[in-house]
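What you are looking at is a predicted structure, and each value in this text was computed from that prediction instead of being measured. Reminder, nothing fancy here: chain letters follow the sequence lines and each chain counts from 1. Any value given below was found using the heavy atoms of this structure, including those in side chains, with hydrogens, waters and symmetry copies removed.
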Amino acid sequence: MQKYNFSAIEKKWQRMWKKKKIYEPDLKKAKKPFYNLMMFPYPSAEGLHVGNMYAFTGSDIYGRFKRMQGYDVFEPIGLDGFGIHSENYALKLGAHPLAQSKVSEKRFYKQLEMVGNGFAWNERLETYDPGYYKWTQWLFVQMWKHGLAYRKKQAVNWCPSCKTVLADEQVITKSKIKNQSSKLQNGTREEMISVCERCETTVIKKELEQWFFRITKYAERLLENLEKIDWSEKVKIAQRNWIGRSIGAEIEFPLRYSAQNDAELTRKNAEINRLVGQRNSASSQRDSATLTSVKVFTTRPDTLFGATYLVLAPEHAAISNFKFQISNYDEVEKYIATAKKKSDEERIENKEKTGVELKGVKAVNPANKEELPIFVADYVLSGYGTGAIMAVPSHDSRDFDFARKFKLPIREVVIPDASNSKFQIPNVQINPNNQNSKTAEFYEGDGVLINSGKFDGMDSEKAKWEITKFVGGKRTTQFRLRDWLISRQRYWGPPIPIIYCRTCWELSISNFQFPNNSDQSNERERKLEYGVHYTVLDGKEYMIHPVPEEDLPVILPMVDDFRPQGKGESPLASVREFYETKCPVCGGAARRETDVSDTFLDSAWYYIGFLAKTSNFKFEILNLKFRDIAERWLPVSMYIGGAEHSVLHLLYVRFIALALRDMQLLDFPSATGEPFPKFRAHGLLIKDGMKMSKSKGNVVNPDEYIKKFGADAFRMYLMFLAPFEQGGDFREQGILGIERFLTRVRKLVEASLDKKKPMRPESKSAAPHKTPDNFKSAIHRTIKKVTEDIETLHYNTAVSALMILLNEAEAQAETIHLPRYFYEVFLKLLAPFAPYLAEELWSRMGEKRSIHRAAWPTYNPKMLVAETFPLVVQVSGKYKATVDAPRDIGEAEARALALRNPAVAKAIGETKPKRIIFVKNRIINFAL
RNA sequence: GGGGAUGUGGCGAAAUUGGCAGACGCGCACGCUUCAGGGGCGUGUGAGGCAACUCAUGUGGGUUCAAGUCCCACCAUCCCCACCA
């Protein structure tokens, strides 16, 4: 057998494909556009990971298939090269990220070319290209101008090792099992810790001024649109849970202060007025007004009569307002300080509830006018709802734990419907003010109300809204989704295009008047509401201005020491030439924002970037030409990527797309505005049953395999080893089977081209050119199978169908000349999987056009079925025989045929079958 | 605690959706090939039994002429989220 030099052939076709622009659709004129997108990689580690290859190949097969079906397929590629992962990699190597990016770029593109994907190389992009991040910054400015970006001081996740802020989504909870002795004694004891998703360092909380994107404004739409897009169900569920909508009520609890404090109260209120009221007297009135009630959010307003205390989150604003009414304020303050210092690790690990009562203040239950104690406790989160809850220990496990610990009353107000035997009535003390700690339990289900005055006997679902109405509460919806924290105190990212000006602040505030009856909640929010956008830097207020669009991009300066500072500031904050600038409004000296934006902003619009790239380093988004292109190509036809991006990238991209549409900056035909109406998540590739990682030393280097077996064999093996959406175990041995298969394909085609080759002597008697109908039928069945399997991403069974057809063809070739039709069909079906070999053999057959532009074969439905079929014969449900039967025969004929079989006749004997079950073209069963 | 999966040979996995369980491939065994170390070809390969047959899709029940597939209960493993009121 002659040697097959795959690497030479791969190079040859790579050149040819590029020259003939096989994979470059005309973005402006394409008639049947098909945007086949795969998540672009970030070049962090040593070259491409097999996992990447796996994902890209799976996506590429789909693209090649669509191209052969006549679509103008656009399959772009680029690098998500900005961001912490790339920066950390550079830090590790001791290289500058800018220099390192050039090295990575070269290697990645070379590898990506090798694997044989039909990429549109002309449109490739890198997120660190100033031509690209100019538009990332432009996007930020648009978000700002439309009120979707804002600045706020918040306790944020801080990674002490990466020295930067992390979004909630980038903090992961890890369980680590405690030492073995405790495991033996107490069963498995798990300790939960919050760690940085990248370096696994424990994350702590830090209060910092940060930039946020108002993704919560889109919570409802992001949730509702999920119903209208064709995505892997598990990804939809993950997003649904992340957005986390709950419907409940906001209920106000009036406050009452102890009598002995009243005199002091008056005096201290005056003090508040003096402190707060300097700038505006209206605000002090409001501040004291906030002291009269506390608002809580609850999903169970039906349990209001069972509320026996209130709990405020440590960060709750009202607590400091109570300052002069709380008799034990020192203790409260101490508790709050401890709670704030606690990392999430400690808060979560320590499930034991803690808290302190606010003495001297009571809340009044609006339903039954009872006075309730108020606590501050860190089991209530400040960021959710109103940061305050009404505690109903009888119907909530957390409140129950707390009540037990602090000996608070537990009053049951909902019992399961006694007529429904599915529920057991829990053993709960119905004594309102006395808990029996031995037997008390909580019940979180629905049921019927008791101990609830005039609502007794009402169904709990109905009571929710009746009681809300009764106490003047408001039905509201809450989301778990938080705003997207977008600023990063690192170097390797697009500088946030914002300028802070002190002069402008002074000018604007000196002649600013608040409208008299404005909503006077928090002074700062109020100012923001009336258009005074300012921030506080080093204790002074500054006006916030976006960088004018014509001044973009704000170039990331070349900085030698790009290491994170660890003070909550970006390394850019030490670069005077960078941060010192001129105010775009007043022209005076001003200061630039020195944080960079989150990498997820870079990747939130890259699919638009591919379309907008007009030439090297130039993108056009705004002009009309681009709008034509967007209209033609968006939304993306098929998006394939990893499920690990279920709630990060995939949520942010959707958000940005919807926002751009609302801002009327992006338009494409779509009812929903969703950028990816069809998304499929590929599975995870593992090795030896374990996730691949360098620490385990089981990382597969794709280059070696491509060098050894060729890109075709490597690709095809990856697709064969398991269903694409499931992922599977990479086993080196498996690739040998594919290698054999491809060699046999080549030999079969080569033999057909070799005219001199004689037929085997023993087959002379056969009619050499007549193709048997069963073989024709096999060809058509294979076309059907492969077509349908590619459409549903069942690549493993598509490959298997090709193997079956090859086996059959080899057997046929013993006796007949296979028709040219067979070779054409076979190579076309093979082409998406093994693009090089298919192209090579195709051209050797004398074809001039690329096989990747050839028409995908179609099948004739009439040819699918053979003339006979194996009729399965059962007796009493047990298999007895298989007989060859003509297609579509009726029951009588089938019965006669079956009974002629000796094994069947023997099994039935003299008995007369009670019943005969006959399934056409399949089975006949004699029930005795 | 909540949500999502997944359990089929020695291994990766198939199974027209209720109709011959294990397709296809890996591995293994034996044989052939003037065949040298991961070469090619052929045959066999779920388990037990000489056999006809019997038993087999995590476990235990059920529905059905017929169950990997449908229903009920349980067990195991993995992933995601997690004090979200």
Side-chain angles (χ1 to χ4, degrees), chain A residues 1 169 172-173 175 192 194 233-238 240-242 244-246 248 296-301 303 311 313 344 347-348 350-351 353 377-381 383-392 395-399 401-402 444 478-482 643-644 646-647 684 686 689 691 717 720-723 726 728-741 743-744 747 781 784-785 788 794 796-804 806-807 870-882 903 906 913-919 921-928:
Chain A
M1 184 182 59
E169 289 87 334
I172 54 176
T173 339
S175 67
M192 308 303 286
S194 294
E233 198 51 37
K234 56 179 177 181
V235 175
K236 285 198 201 180
I237 289 164
R240 244 176 244 135
N241 290 342
W242 192 263
R245 176 170 60 190
S246 24
V296 307
F297 173 75
T298 176
T299 54
R300 294 296 303 272
T303 63
V311 188
D344 274 0
R347 283 205 193 185
I348 293 167
N350 199 350
K351 286 267 181 185
K353 300 278 185 292
D378 66 7
Y379 83 92
V380 172
L381 308 174
Y384 186 77
T386 60
I389 62 153
M390 65 179 210
V392 186
H395 302 290
D396 182 283
S397 66
R398 297 151 301 181
D399 298 343
D401 290 346
F402 191 84
E444 292 183 323
Q478 282 294 334
F479 293 94
R480 302 181 41 166
L481 185 70
R482 307 293 156 83
E644 70 273 19
S646 296
V647 288
L684 201 66
I686 56 171
K691 218 169 150 173
Y717 171 62
F720 182 60
L721 60 81
Q726 181 189 304
D729 207 346
F730 182 94
R731 279 168 54 262
E732 190 170 328
Q733 290 283 14
I735 202 166
L736 297 173
I738 299 291
E739 192 193 26
R740 287 199 265 267
F741 166 78
T743 307
R744 281 163 55 205
K747 279 162 76 178
R781 278 201 308 273
K784 181 172 194 280
K785 176 83 178 146
E788 289 172 358
H794 292 147
N796 58 331
T797 47
V799 173
S800 142
L802 288 172
M803 288 171 167
I804 293 169
L806 179 69
N807 291 346
L871 175 70
V872 173
V873 187
Q874 294 181 340
V875 176
S876 295
K878 296 280 179 201
Y879 169 80
K880 287 296 166 210
T882 307
K906 190 186 153 211
K914 262 192 289 205
R915 211 178 131 194
I916 295 170
I917 294 100
F918 174 69
V919 181
N921 290 333
R922 200 157 292 168
I923 198 167
I924 185 160
N925 183 4
F926 298 88
L928 299 184

Distance below 4.0 Å between A/Y379 side-chain N/O and B/A85 OP1 or OP2:
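No, because none of the side-chain N or O atoms of A/Y379 sits under 4.0 Å from OP1 or OP2 of B/A85.
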Are any of A/S646's side-chain N or O atoms less than 4.0 Å away from OP1 or OP2 of B/C80?
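Indeed not, no polar side-chain atom of A/S646 lies that close.
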Who pairs with [X] by salt bridge (Lys or Arg N to Asp or Glu O under 4.0 Å), at least two apart in sequence or on another chain?
| X | value |
| --- | --- |
| A/E788 | A/K784 |
| A/R740 | none |
| A/D396 | A/R398 |

Dot-bracket assigned to RNA chain B with the 3.5 Å Watson-Crick/G-U criterion, [ ] for crossing and | for other-strand pairs, is (((((((..(((......[....)))(((((((.....)))))))(((....)))..(((((..]....))))))))))))....
Side-chain contact test, heavy atoms from C-beta onward, threshold under 4.5 Å: evaluate it for [X] versus [Y] and give yes or no.
| X | Y | answer |
| --- | --- | --- |
| A/I924 | A/I916 | yes |
| A/I389 | A/F297 | no |
| A/K785 | A/T797 | yes |

Which parts of nucleotides 19-25 of chain B does protein reach within less than 4.0 Å, heavy atoms only, written one letter per nucleotide 5' to 3' as B for base, S for sugar-phosphate only and - for none?
BB--BBS
Interatomic distance, [X] [atom1] vs [N] [atom2] [rounded to whole Å]:
| X | N | atom1 | atom2 | answer |
| --- | --- | --- | --- | --- |
| A/E233 | B/U6 | CD | P | 13 Å |
| A/R480 | B/G2 | CZ | P | 14 Å |
| A/Q733 | B/C28 | CD | C1' | 11 Å |
| A/I735 | B/C26 | CD1 | P | 13 Å |
| A/L684 | B/G12 | CG | P | 16 Å |
| A/R245 | B/C81 | CZ | P | 22 Å |
| A/E788 | B/U16 | CD | P | 12 Å |
| A/Y717 | B/A13 | OH | C1' | 11 Å |

Span that lies between the [atom1] atom of [M] and that of [N], in whole angstrom:
| N | M | atom1 | result |
| --- | --- | --- | --- |
| B/U57 | B/A76 | C1' | 16 Å |
| B/C75 | B/G25 | P | 40 Å |
| B/G58 | B/C35 | C1' | 46 Å |
| B/C74 | B/G7 | C1' | 14 Å |
| B/G10 | B/A5 | P | 29 Å |
| B/G22 | B/A14 | P | 15 Å |
| B/A23 | B/U16 | C1' | 12 Å |
| B/U6 | B/A56 | P | 25 Å |

Any N/O donor-acceptor pair, A/K353 side-chain to B/C83 base, under 3.5 Å:
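Such a pair is found, so the answer is yes.
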Is a side-chain donor-acceptor pair under 3.5 Å present for A/N925 with A/R915?
no
Give, for atom CG of A/L481 and atom CG of A/N241, the distance between the pair rounded to the nearest 0.5 Å.
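If I round to the nearest 0.5 Å, the distance is 12.5 Å.
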To the nearest 0.5 Å, atom NZ of A/K880 lies from atom CD of A/Q874 at 10.0 Å
Taking only the side-chain heavy atoms of [X] (C-beta and beyond), determine which of [options] contains the nearest atom.
| X | options | answer |
| --- | --- | --- |
| A/Q726 | B/C81, B/C83, B/A13 | B/A13 |
| A/R915 | B/A13, B/C65, B/A85 | B/C65 |
| A/K747 | B/G40, B/A13, B/A85 | B/G40 |

Give A/S397 one of three labels, base, sugar-phosphate or nothing, depending on what nucleic acid heavy atoms sit under 4.0 Å from its own.
nothing
Looking across every strand, which nucleic acid part, if any, lies under 4.0 Å from A/I389 by heavy atom: base, sugar-phosphate, or nothing?
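Base contact.
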Can you work out whether A/A722 or A/E732 has the more 5'-proximal nearest nucleotide on RNA chain B?
A/A722
Considering heavy-atom distances to RNA chain B, does A/A313 or A/K234 have its closest nucleotide positioned more toward the 5' end?
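With A/A313 and A/K234 compared, the 5'-side residue is A/K234.
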In chain order, what residues pass the ring pair (Phe, Tyr, Trp, His ring centres under 6.0 Å) check against A/Y717, with sequence neighbours excluded?
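In terms of ring pair (Phe, Tyr, Trp, His ring centres under 6.0 Å), with neighbours along the sequence ignored, A/Y717 is linked to A/F730.
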Quick check on B/G38: syn or anti? Syn means the glycosidic torsion is within 90 degrees of zero.
anti
Quick one: sort the A/Y379 and A/F402 rings into parallel, tilted or perpendicular, breaks at 30° and 60°.
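Rings of A/Y379 and A/F402: tilted, as their planes differ by 30° to 60°.
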